Protein chains: 2
Amino acid sequence: MAKHDPDLSPLFHALADPTRRSMLTRLAAGPAPVTELASPTGLALPTVMRHLSVLEVAGLIATSKDGRVRTCAIVPEALAPMQSWLDEQRLIWESRLDRLDDYVKTIMKERER
Amino acid sequence: MAKHDPDLSPLFHALADPTRRSMLTRLAAGPAPVTELASPTGLALPTVMRHLSVLEVAGLIATSKDGRVRTCAIVPEALAPMQSWLDEQRLIWESRLDRLDDYVKTIMKERER
DNA sequence: GTCATGCTTAGCCATATGACTAAGTAACGC
DNA sequence: GCGTTACTTAGTCATATGGCTAAGCATGAC
């Protein structure tokens, strides 16, 4: 009950950046070429490319080059491992809620000192 | 439809490290003092402290000091923002699946060249 | 062919991250 | 009081990350 560690790190890491999350949001509306993804960010192209490659390594997007245009698209299944991890954790965490509830209250009280 | 950016970055960042995830898993079994969290990692105490503070900043754990012992406990609600983001994204991503399906296939074909 | 377009590569820079050692402080336990 | 325990703080170090500019290299339009 803890074999959920394949490539969660790159996934979480990719999502930890607001620029990358906003790129994903943009891509959720449909595939787009690199330049189009770059323009709203105000970042230089090489910088954008590196964000994209982080997303690609994490499996969150797929890209393909047609002529001189590279088009990016989201890979919906990529979120699955994260959802599994979340489900698993929430299951354990919440089953402990009863006993934790009192505990957290104690902590909060002590923190006010 | 994109107001989901309060503190997702620290949250994802905290979860992007395997050491921190394993600490969370340990804490899911119940609260524990710092030393107990440190021992399975083989890391020096100051290093562990910094991991814990990352988790605390992300709101994933709460700590309290009683005498010379600092006890750490998970904060189950902390995963909620992440779940919201996931739900939101998945909703959009999957609604595009139909039109994306063909697109991704095209990409895959081109990648084989 | 020539030139603009759209990436790509290379290399630099500042800051952040993850890990350490060494030394300090604040409870216990006797 | 004195040593041990459990953190804490301070400071160092190597590497990673996020940003840039400057060139380079195909492709598409004339």
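To find a chain, count down the sequence lines: A is the first, B the second, and so on, and within it residues start at 1. Predicted model only: the values in this text are computed from it and were never measured.
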(Q) Please classify the nucleic acid contact of B/Pro33 as base, sugar-phosphate, or nothing, using heavy-atom distances under 4.0 Å. (A) sugar-phosphate
**Q.** Parallel, tilted or perpendicular: rings of B/Phe12 and B/Trp85 (30°, 60°)
**A.** perpendicular
Q | Separation of D/dG24 C1' from A/Leu45 CG (nearest whole Å) | A | 14 Å
**Q.** Value in whole Å for how far the C1' atom of D/dG19 lies from CZ of A/Arg20
**A.** 13 Å
Q) Which whole-number value in Å describes the distance from A/Leu52 CG to D/dG18 C1'? A) 14 Å
Q: Considering non-hydrogen atoms only, spot the tightest contact between A/Ala14 and A/Ala58 and give its length.
A: CB-CB, 3.7 Å
Q. Can you tell me how far C1' of D/dT15 sits from NE2 of A/His13, to the nearest Å?
A. 13 Å
Q | Distance, rounded to the nearest Å, where A/Asp66 contributes CG and C/dC7 contributes C1' | A | 13 Å
Q | Rounded interatomic separation in angstrom, taking CG from A/Asp17 and P from C/dT17 | A | 12 Å
Q: Quick one: closest heavy-atom pair of A/Met23 and A/Thr41, and the distance?
A: CE-CG2, 4.2 Å
(Q) Distance check needed: D/dG19 C1' versus A/Arg50 CZ, whole Å only. (A) 8 Å
**Q.** Side-chain donor/acceptor contact of A/Arg70 with base of C/dG6 under 3.5 Å
**A.** no
